[in-house]
Colleague: 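What follows is a structure written as structure tokens; I'll ask about it next.
Bear in mind the structure is a predicted one, so any value in this text is a computation, not a measurement.
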Amino acid sequence: MKHILILFSIFFTSIAIAQDTGSVAGKLTDKDFNNEPLPFANVIIKATTTGTTSDIDGKYIIENLSPGSYTLVFSFIGYETIERQVEIIGGQTKTLDVSIGSSAASLDEIVIKTTAKRETEAALLLDQKKATTIKQSIGSQELSRKGVGDAAGAVTKISGISKQEGGGNVYVRGLGDRYLNTTYNGLTLPANNIEKKNMDLNLFSSDVIQNVGVSKTYAANFYGDFAAGNVDIVAKEHTGNFFLDVNLGSNFNSNAIGKNFVKSEGTGYFGFYNRYQNNPYAVVLSHGIDPQGIDGSLGVEGNFSAGQSWEIGEESRLSIFTTAAFSSSFEYRRGQFANVTAAANTIFQDAEEFEFTRNTTAMANIVYRVNSDHKIKFNSLFINDATDEVGRFGIDGRGYNRNTIADNDDFGFFTQNVQFEQDMIFVNQILGTSNLNDKLKLDYGLGYNKVLARQPDRKRIALERFENTLDNDPSTNAIFFRNVEFDNQRYFQNIEDSEFNARVNLSYKQSENLKFNLGYNGRTKERTFDNQRYGYDIINPFTEIEDVNNLNAFFSSENQGVLYNTSVFRPLDPENGLGRENLPGQLENTYQGNLNVHALYADAVYKSGEKWTFVPGLRVEHFNQEISYDVINLSFNNPGSNKASETFFLPSLNVKYALTENQNLRFSASRTVSNPEFKEVAPFVYENVTDRIGGNPDLLNDPAFSTIVNLDLKYEWFINSDEIFSIALFNKTINDPVNLVSANDATGTQRFFRTGDRADVFGIELEVRKGLIKNNEEESILSAGMNITYTSTTQDLKTVSGTFNTNFNRDSDELQGASPVLINADVSYSPTFGKYKPIANLIFSYFSDRIDALGSGQLGNIIEKGVPTLDFVWKNSINKNFEVNASVKNILNPSIERVRENVSFDATLANDLGINSNLSEFALSSYKRGINASIQFKYKF
């Protein structure tokens, strides 16, 4: 009985105490990031050790407080510290919500942490955990640690993603450029050349990137042209004290060192060509065609970044971040290049290419925070990407061309191709957010993009009997190849893209468990294209060239009309006697494309209890595309234009089930579309030295688009702030897919066709990130990560008739661009020795063989062979201001190969080439890129 009385006494005493105490609870939000929840902030009762931290949703609670007045102190590293008075009443819970902004008066060390907050791996994992779609991101902190220099390299560190070797073409879950979208701060970007839908991600240096996110599942706010995913590049911002970073470095390529490098005549060191205003014919008359030498083959790297913030009044702040960077690099490739279709067209078993690239980037980001409810940003980005490439094909005197004239065995063919490509990209955006009241929030953006992509004055010269230049006999010389008047030529090409785009999203928060989004986004895009050629018509057949390294001596203005004539395809005024020879001409090929996309969408975010989140959405999108063209080599009755107009209804559903606080199960289902791009529908054919690629206006016929059904299921376990395990299954059904097809004709021109009724994609992704050794503060000293993706694709094939025709000798095949296996892995070691904090990273990636172009008829597929890549990055923080960083990339230096499957050669030719007459695959290109090493010195003021 005594024990029972004691228990009753304790019970009633507890009730009395509970009635006499109170609690304080609330939510912390980030004033600088649209009042998003601020997790892991400190909430302390002033002058005590009593307190707590906010949870993942920014919520906090302190219980069992005696009635009375308290001062709560809210703080977060690098943010302002706020004190708030609260009166506690027994038996009640006082609600106190607080919005915290970063402090411009923070210490320098803290400012650095503040600006990295939204870029850290832990913060981005948290964002991934909270996201309502399947999303993965990589921030500038991880980019820096892994020595990633651009956005293309960034996304390849995410599971299920690879890029085309030697370019910025990105593949997501086995689907290539045409199935992907790229945005910058949520607004669309134009392509920078005619061969791509998306801008080359190599052009976005890590200096302008805060983070890169890839959304692999569809939501209503994305454009309907979505299958593989959406890549969003978020520009860097600054919110702390003044800072200035200066980086200087150098790089070299193992193949390029010691080579006598050459580049196109007339191009500046910083990648600008100063003759755009000149008439192409004036350029032909006044400037030669021989490449120019470059002193040295060491690349340089340099950039600076600066930022400053000013407090204006009690709530307003103006912040500016600006960066400018320049880099140059050299690459030398030597190997085999060929054009083999139903027959061997051209084969260069020994060829070399000199590539000199320059990239100039400048960005300014101005953020004005009016108060905690309103913020507006202006972002301006300029990129100039320039590449000089000099190719010499057949340098061994054994180049083969089946159309040679001078010799019966068709050997001794040589081609020199000297070209300069310059892409200038201008991006200007106004972005803003406004909290209209406790329930309504407005998010908006308006952008204008301009792209000027040009090939000014490409020079291509073809010779026969090139072996005569190698025999040290001055009496024997090479001769000009003279089959048609454009076998030796000057080529000029211009592309101009202009685009306006906008987005508006109004969100209504009915309760903590229900939010609605209503929005609009749209784009209006115009492309103009033109090219012009001047052929060198050699007057006398079998004309010799005494010095192949001094072609300017032959193609001088004095020899025009004597040894050669210039010729155009379209004369200026033939009716009045202005012919094709030795006169300027009209544009040879032109096309103009217009794209208009306007959409309204709505979705709801509904949380059922603590476990379930449902996001149903619907998008209604109107698509209109027109193409008009005037190109050579089309049938006389071709209409010269095509257009399509469609309205799509695109539903989506994303479901998240929280198995535990740190584990999610996700499901997504959606219907999307894939619309053709200008490069796919414009019938212009671009001729490289060994291949030809053109579009097909029939893609805008019925059907003018592909419909896609997407299904995704994913399990993710966020083990702690920097560790994760996830596994995902995905399936896509693509109706009326588009593929690049190598046509079964003499030239092997590659064109785009709707090759079948259906394609199916199924895959599985696995990702693991784990800290292996940790310090006393639970920070990883040795960590490792790996993601593996397996993708299986199949599509049916059919005969296609129209403006262009194709047929197949098989009923099905894999989807173009799909790699069955993708692997990314890295190991990071980051010990601390006093103030010396080095970080060493070993990074590996691999993609398996994938179809580059389908073969038609009896023609085999063109395959891009799998490539393993291994990089080593070493970052050395000597002290808080000075870093010395080094990297060695492409350590394995694998062969980069594109092959044609199932090739047969004439027995005599095969013997002359030293190969078998029947091959399972023949290399269309094969070379090594060399090992790249760099060193960088960085100082923070």
Side-chain angles (χ1 to χ4, degrees), residues 25 27-28 36-40 52-61 120-139 158-161 173 213-220 229 509 511-515 517 603-617 651-670 710-732 762-772 774 778 780 783-790 824:
K27 183 176 182 179
L28 299 184
E36 294 180 8
L38 185 64
F40 315 130
T52 185
T53 58
S54 57
D55 66 13
I56 190 171
D57 296 313
K59 296 178 181 179
Y60 74 94
I61 185 169
T120 63
E121 294 173 67
L124 292 172
L125 274 179
L126 179 61
D127 181 61
Q128 178 180 336
K129 178 180 179 181
K130 295 166 58 180
T132 56
T133 61
I134 296 178
K135 176 184 178 182
Q136 289 176 266
S137 301
I138 182 169
I158 294 174
S159 62
I161 300 180
R173 290 178 163 178
V214 179
S215 298
K216 299 177 184 177
T217 58
Y218 182 70
K509 186 177 181 180
S511 66
E512 287 294 327
N513 295 325
L514 181 60
K515 184 174 77 171
N517 288 293
D603 68 29
V605 181
Y606 173 64
K607 296 182 179 180
S608 177
E610 298 293 327
K611 298 289 188 179
W612 290 96
T613 302
F614 298 90
V615 187
S652 61
L653 175 65
N654 287 277
V655 180
K656 181 176 73 172
Y657 178 70
L659 297 167
T660 67
E661 183 180 353
N662 296 316
Q663 299 180 64
N664 293 327
L665 187 64
R666 298 178 182 271
F667 170 76
S668 176
S670 62
N710 309 279
L711 297 173
D712 292 82
L713 181 65
K714 184 176 184 179
Y715 164 78
E716 53 190 14
W717 176 22
F718 299 88
I719 302 170
N720 58 38
S721 62
D722 60 354
E723 297 180 340
I724 187 175
F725 170 82
S726 69
I727 186 169
L729 302 174
F730 58 90
N731 184 84
K732 299 179 184 295
F762 172 79
I764 182 170
E765 291 178 344
L766 175 67
E767 180 178 16
V768 179
R769 194 181 302 175
K770 178 66 178 173
L772 304 177
K774 297 191 175 185
E778 290 299 306
S780 295
S783 62
M786 173 179 285
N787 59 72
I788 302 174
T789 303
Y790 171 76
N824 298 301

Colleague: In Å, rounded to the nearest 0.5 Å, how long is the span from OG of Ser726 to CZ of Arg769?
Modeller: 9.0 Å

Colleague: Would you kindly say whether Asp712 and Thr217 are connected by a side-chain donor-acceptor distance under 3.5 Å?
Modeller: no

Colleague: Taking the side chain as C-beta and beyond, is there a heavy-atom pair between Phe614 and Leu514 under 4.5 Å?
Modeller: no

Colleague: What heavy-atom pair brings Asn654 and Ser668 nearest, and what distance separates the two atoms?
Modeller: OD1-OG, 3.0 Å

Colleague: Run the salt-bridge test on Glu723 and Lys770 with the 4.0 Å N-O cut-off and return the result as yes or no.
Modeller: yes

Colleague: Where is the tightest heavy-atom contact between Ala784 and Leu772, given as atom of each residue plus distance?
Modeller: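 Minimum heavy-atom contact is CB-CD1, 4.2 Å.
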
Colleague: Please give me the minimum heavy-atom distance between Ser652 and Ala220, naming the atom from each residue.
Modeller: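 Here Ser652 and Ala220 meet closest at OG-N, 3.8 Å.
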
Colleague: Mind running side-chain contact (heavy atoms from CB on, under 4.5 Å) on Asn787 and Leu766 for me, showing each step along the way?
Modeller: CA-CA 5 Å; Asn787 59 72; Leu766 175 67; over 6 Å; no

Colleague: Please round to the nearest 0.5 Å and tell me the distance separating atom OG1 of Thr613 and atom CZ of Arg666.
Modeller: 8.5 Å

Colleague: Going from CG on Asn824 to OG1 on Thr789, what distance comes out if it is rounded to the nearest 0.5 angstrom?
Modeller: 7.5 Å

Colleague: At their closest point, which heavy atom of Thr52 faces which heavy atom of Ile61, and how far apart are they?
Modeller: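 Heavy atoms of Thr52 and Ile61 come nearest at CG2-O, 3.7 Å.
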
Colleague: Between Tyr60 and Leu28, does a side-chain contact (heavy atoms from CB on, under 4.5 Å) hold up when you go through it step by step?
Modeller: CA-CA 8 Å; Tyr60 74 94; Leu28 299 184; 4.3 Å; yes

Colleague: Within this structure, what is the CD1-CD distance for the pair Ile719 and Gln663, rounded to the nearest 0.5 Å?
Modeller: 9.0 Å

Colleague: How about Tyr715 and Phe725: do any of their side-chain heavy atoms sit closer than 4.5 Å?
Modeller: yes

Colleague: Measure the CD-CH2 distance between Glu767 and Trp717 for me, rounded to the nearest 0.5 Å.
Modeller: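 It is 14.5 Å, given to the nearest 0.5 Å.
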
Colleague: Under a 4.0 Å threshold between the charged nitrogen and the carboxylate oxygen, would Lys509 count as salt-bridged to Glu512?
Modeller: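 Yes, charged N to carboxylate O under 4.0 Å.
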
Colleague: Looking only at side-chain N and O atoms, does Lys656 offer a donor or acceptor that is under 3.5 Å from a partner on Asn664?
Modeller: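 No, because no side-chain N or O of Asn664 sits under 3.5 Å from a partner of the opposite role on Lys656.
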
Colleague: Checking salt bridge (Lys or Arg N to Asp or Glu O under 4.0 Å) for the pair Lys714/Glu765: CA distance, chi angles, key distance, verdict?
Modeller: CA-CA 9 Å; Lys714 184 176 184 179; Glu765 291 178 344; 5.4 Å; no

Colleague: Check whether any side-chain heavy atom of Val655 lies under 4.5 Å from a side-chain heavy atom of Leu653, and answer yes or no.
Modeller: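 SC-SC contact between Val655 and Leu653 confirmed.
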
Colleague: To the nearest 0.5 Å, how far apart are CG in Leu665 and OG1 in Thr660?
Modeller: 11.5 Å

